[in-house]
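Residue numbers begin at 1 in each chain, while the letters A, B, ... track the order of the sequences.
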Amino acid sequence: MTQELSKQYNPKDTESKWYKIWEENNLFSAAPSPDKLPYCIVIPPPNVTGILHMGHALNNTIQDILIRYKKMRGFAALWMPGTDHAGIATQNVVEKALAKEGLKRQDLGREKFLEKVWEWKQLYGTTIINQLKKIGCACDWERARFTMDQDYSLAVTEAFVRLYEKKLIYQGHYIINWCPRCQTALSDEEASHIDLEGNLYYLKYPLKDNPQEFISVATTRPETMLGDTAVAVNPKDKRYKKYIGKYLILPIINRPIKIIADSIIDMQFGSGAVKVTPAHDLNDYALGKKHGLEFINVLAPDGRMNELAQKFCGLERFKAREAILEDLKLLGLLEKITPHTLSVKHCYRCNTIVEPYLSKQWFVKMKPLAKPAIAAVKKEKIKFYPARWTKVYLNWMENIQDWCISRQIWWGHRMPVYYCKNCREKNPKAGIIVSRIKPSKCPKCGSENLTQEEDVLDTWFSSWLWPFATFYWPKENADLKYFYPTATLVTAPEIIFFWVARMIMAGFEFKQQIPFKNVYIHGTVRDSQGKKMSKSLGNALDPLEVIAEYGTDALRFSLISITSQGQDVYLSKDRFEQGRNFANKIWNASRFILTNLKPEDVNVDLCVFFKREQLDIVNRWILSRFYTTLEKVGKELDNFKFNEAASSLYSFFWHEFCDWYLELIKPQIGQKQTQIVMYKVLEKYLRLIHPFMPFISEEIWQRLPGAKDSTPSTHPGLKPGVCSGLMVSKVEPSIMQQNWPHLQSELINKQDELQMELAFEVINVIRNTRAELEVNPASRIDIQISVASKLTQKSLGLLSGYIKNLAKINDLTLTEKYIAQNNQYAVVFKDLHIVMPLEGIVNIAQQLNKTNLKIDKLKSEIKNKEGMLVNKNFTLRAPEEIVEAEKNKLIDMREQVKKLEAIKNGLR
RNA sequence: GGGCGCAUAGCUCAGUUGGUUAGAGCGCUACAUUCACAUUGUAGAAGUCGUAGGUUCGAGUCCUAUUGCGCCCACCA
């Protein structure tokens, strides 16, 4: 403590220093402990391609608060970190890098390309991890996992094989979402709808028997007409009834196609006749199956037309659309074009319009998996915070579709599926071998001519195992036993379906248990316009820039302050000033305390010293306020009300501890009792604020000279009978290892608080009056206070020293009765008259006016109350204490009016 | 088409189970600067709680309808 403290808090000096020390001393590591209960959070693994954005900052700050808090509460708190290989996203990034060298992945070939990706991962994959360290995350980094690690991959294979053996994985020919740019299938969740202004094109198809007659069909995707194999109408549609069963000639292609009837067709829409393209539309696919139609695929995987598109072969799909429309126009077969808004699926990675595409893919049957996952949430074994997400989850789960898990990319877990060429030649449906390890020969025919499936698995097929695969499942080790099921999952609403729901299903399927007990869903970070913050929109605030400018603790505290449960977060840069100012306030208050501290006074056993009765009122008051705050913050954290906890901590420290307490005790700061109380409150407060502001709390805590605290206490995280021991700074070097302060509820006293509040109000009234009367702020004046109640008089007497000091009073006299006198100005406050000399008052008329306004306002309120109290409906039905309170208020107000009238007369 | 969220001070938002006098931060106004902190202090101005009904002795809070904004889900060609 010999070191000078600078006038301003400088985060740069402290942050990297402490993080390094915490890390070097292994303070982030957690292990099973016989005395402690487990508390585990698995991080939503950021993509290896990731760069820290505000969403990460918010998400990880919340987790860090929980981990640090629970650790102080005695839990063996483990924050399991790691990264996700993010199949498509990462492959895209590396492909882009290759493109700069004029290379495509195909130029390298699969193996070489994967080497490149791994290289890239080694170089850049830790960027996001280092950024998480920068915001202070207390992750157990030694446990960090990567979804493509060898051990983790074993878990992925295991899961696949088990599901396949249970016949929950199957291969099928279906219409899936195809991204022509990424050239892979996407799950429904990866293809999001975006509304586009498009057109509805009416095409005329001539009848085979009578080419002069036409049926007009409406479509938004004219290029798919090349693959039409029928036209469908509603059987009840009078316009078309006579044509059902007849044939049309598909223009350009000149293929005869049948007119079929199906009640699914909406007669109101378009022309009431629908072209059916079973290979390029989900509905048409169903129709095709039902009516035994031909499936004609006219597209190539890269989004160009294929040879079945005849003369349009090789044209890009939207170019082909133009060309086909042009041809139809020339043929006189384009009836009309009307504007039409349609919602089109886009690839969530590259935003390309997705093509419904008929292909062979692998699927997971989801209905059986969903069943226990639905039940667990219904029975509240897993709870969502805020609760409304429960409904969203259940709704999705109850309508769940099979999950397309195959991807036609290279970066990812290769499926453990092998094909026996020999068997397949005899029967194309046979010869599929699913195996944990690559088989050397076919178990059926013994052939060694085996090839592995080219496709890789959807990224989420590995991340849904995260809560247990990170513990080396399928091995059952001690850590997995101890920490699983984990406690809380903290995430954003965007990935409830992608990740949360699937983890719950995987938890039941592979561990027969829930993966976590609570799911806290925080809001989306948006800019001040309400737009989602993203790099592509260019509206992103870079957390690292904010840290450089305001400090990490400021970033964290501000973010948390504005995150009310479940609401989206609207950010602009100036919001971080509050956090920075608060850090500075803590710094300066601590500086004040430390420079005024006598170490020999505070180096005592703090918990033994105090008996409430031994303390003076101000010290009793601040302790009472501190413990009230402690209790409140604990409850708020336990209920995931982070912003409320932040606000409680903020207003206690700034407005109660600094504005009042430190000001009040300045004259008595050398007294032993005050030394100890102010020291004790600061020391404990640092522990409360530590989960929110880890760096500044450690920096100051380390400078505290005395014994920290030895309150023995039990904490919720300690097993029954276990008591946390003495906490002395020499033994425990970091605030991270301290206990959350023990709640000494015997030090909470409402009487003390009321008494102090009265003094504060009196001081406020005097200050306010002084300002109104334009009394020189530096001058001390005489004040006389008359109080009817003996009790109030006594307590004011006790506090008169403080009042005199903070209200700049020269002489304070307390009298029983108020007698109006000339040359005096009096203010009525409750049953008090606060009287000061009129000398120096500039504007009596103005004061008179103010007094009159007050009287008028009171009178109208009195009228209101009188009406209320005459109303039998109120007096008979409202609870007695409310009626009683109203009566008292009325009496008070009448009194006040009387007093104000008296003052008015005095002013004249 | 279905579902969810939001609307409270100039701005951004809190407001627990309905209790009559609605809070914070920022901004604004006035004053204060050797005494921890101008990233400060003291004081002040500022709101018919989106609109219309209803329940109730009493509604920012509960119900119904309605307007505006945002989000999610959904196979209208």
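Residue Asn643(A) places none of its side-chain N or O atoms closer than 4.0 Å to OP1 or OP2 of A14(B).
Going from atom CG of Leu394(A) over to atom P of C73(B) covers 16 Å, rounded to whole Å. In this structure, the CD1 atom of Ile337(A) is 16 Å from the C1' atom of A77(B), given to the nearest Å. Residue Arg221(A) contributes atom CZ, which lies 12 Å from atom P of C76(B) at whole-angstrom precision. Counting to the nearest Å, the C1' atom of A77(B) and the CG atom of Asp262(A) are 13 Å from each other. Protein atom CD1 of Ile521(A) is 17 Å distant from nucleotide atom P of C4(B), rounded to whole Å. In this structure, the CG atom of Leu200(A) is 8 Å from the P atom of A77(B), given to the nearest Å. In this structure, Ile495(A) places its CD1 atom 19 Å from P of C71(B), rounding to the nearest Å. Rounded to an integer number of Å, the gap from Tyr348(A) OH to C71(B) P is 20 Å.
For Val765(A), the side chain to side chain contact (heavy atoms under 4.5 Å, CB included) partners at least two apart in sequence or on another chain are Thr769(A), Val827(A), Phe829(A), Ile834(A). For Arg239(A), the salt bridge (charged side-chain N to carboxylate O under 4.0 Å, His left out) criterion is met by Asp237(A), not counting sequence neighbours. Considering only residues two or more places apart in sequence or on other chains, Lys336(A) meets the salt bridge (charged side-chain N to carboxylate O under 4.0 Å, His left out) condition with none of them.
Consecutive Watson-Crick or G-U pairing (both distances under 3.5 Å) extending over three or more pairs maps onto RNA chain B as B:1-7 with B:67-73, B:10-13 with B:23-26, B:28-32 with B:40-44, B:50-54 with B:62-66.
Using a 30° and 60° split on the angle between ring planes, Phe657(A) and Tyr661(A) fall in the parallel class, below 30°. Using cut-offs of 30° and 60° for the angle between ring planes, the His340(A) and Phe269(A) rings count as perpendicular.
Of the possible polar contacts, none joining the Asn584(A) side chain to the Arg580(A) backbone as a donor-acceptor pair under 3.5 Å is found. When atom types are taken as modelled, the side chain of Glu15(A) and the backbone of Gly551(A) share no donor-acceptor pair closer than 3.5 angstrom.
Nucleotides G2(B) and A9(B) have their P atoms positioned 32 Å apart, rounded to a whole Å. Rounded to a whole angstrom, the distance from the C1' atom of U64(B) to that of G70(B) is 23 Å. Between G41(B) and G47(B), the distance separating the two P atoms is 25 Å to the nearest Å. Comparing A59(B) with A22(B), their C1' atoms sit 13 Å apart, to the nearest whole Å. Separation of the P atoms belonging to U16(B) and U55(B) is 24 Å when rounded to the nearest angstrom. One P atom belongs to C13(B), the other to A45(B), and the distance between them is 26 Å to the nearest Å. Look at the C1' atom in both G27(B) and U66(B): the space between them is 34 Å, to the nearest Å. Using atom P as the reference point in both A38(B) and C69(B), the two lie 47 Å apart (nearest Å).
Heavy-atom nearest nucleotides on RNA chain B were determined for Asp284(A) and for Asn764(A), and the one closer to the 5' end corresponds to Asn764(A). Remark on RNA chain B: of its neighbouring residues Asn395(A) and His340(A), the 5'-side contact belongs to Asn395(A), judged by nearest-heavy-atom nucleotide.
Residue Asn768(A) is in sugar-phosphate contact alone, with no base atom involved, counting any heavy-atom pair closer than 4.0 Å across all strands shown. Using a 4.0 Å heavy-atom criterion, one finds that Val274(A) contacts the bases of the nucleic acid, with or without backbone contacts as well.
Of the candidate nucleotides A74(B), G15(B), A77(B), G15(B) has the atom nearest to the side chain of Glu644(A).
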Extract all donor-acceptor atom pairs below 3.5 Å that involve side chains of residues 273-285 of chain A and protein atoms in other chains or at least two apart in sequence.
unit_1: Lys275(A); atom_1: NZ; unit_2: Thr224(A); atom_2: OG1; d: 2.7
unit_1: Lys275(A); atom_1: NZ; unit_2: Asp228(A); atom_2: OD1; d: 3.0
unit_1: Lys275(A); atom_1: NZ; unit_2: Thr277(A); atom_2: OG1; d: 3.0
unit_1: Thr277(A); atom_1: OG1; unit_2: Asp228(A); atom_2: OD1; d: 2.7
unit_1: His280(A); atom_1: NE2; unit_2: Asn297(A); atom_2: OD1; d: 3.2
unit_1: His280(A); atom_1: NE2; unit_2: Val298(A); atom_2: N; d: 3.0
unit_1: Asp281(A); atom_1: OD1; unit_2: Asn283(A); atom_2: N; d: 2.9
unit_1: Asp281(A); atom_1: OD1; unit_2: Asp284(A); atom_2: N; d: 3.1
unit_1: Asp284(A); atom_1: OD2; unit_2: Thr277(A); atom_2: N; d: 2.7
unit_1: Tyr285(A); atom_1: OH; unit_2: His173(A); atom_2: O; d: 2.9

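Tested against Tyr685(A), the residues Thr629(A), Ile700(A), Leu649(A) include a single side-chain contact (heavy atoms from CB on, under 4.5 Å) partner, Leu649(A).
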Next on the checklist: Strictly under 4.0 angstrom, non-hydrogen atoms only: write out the protein contact profile of nucleotides 21-39 of chain B, one letter per nucleotide from the 5' end, B, S or -.
Outcome noted: S---S-----S----BB-B
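By the 4.5 Å heavy-atom criterion applied to side chains, Trp403(A) and Ser187(A) are counted as neighbours.
Between Ser343(A) and His193(A), the shortest heavy-atom contact is OG-ND1, 2.8 Å.
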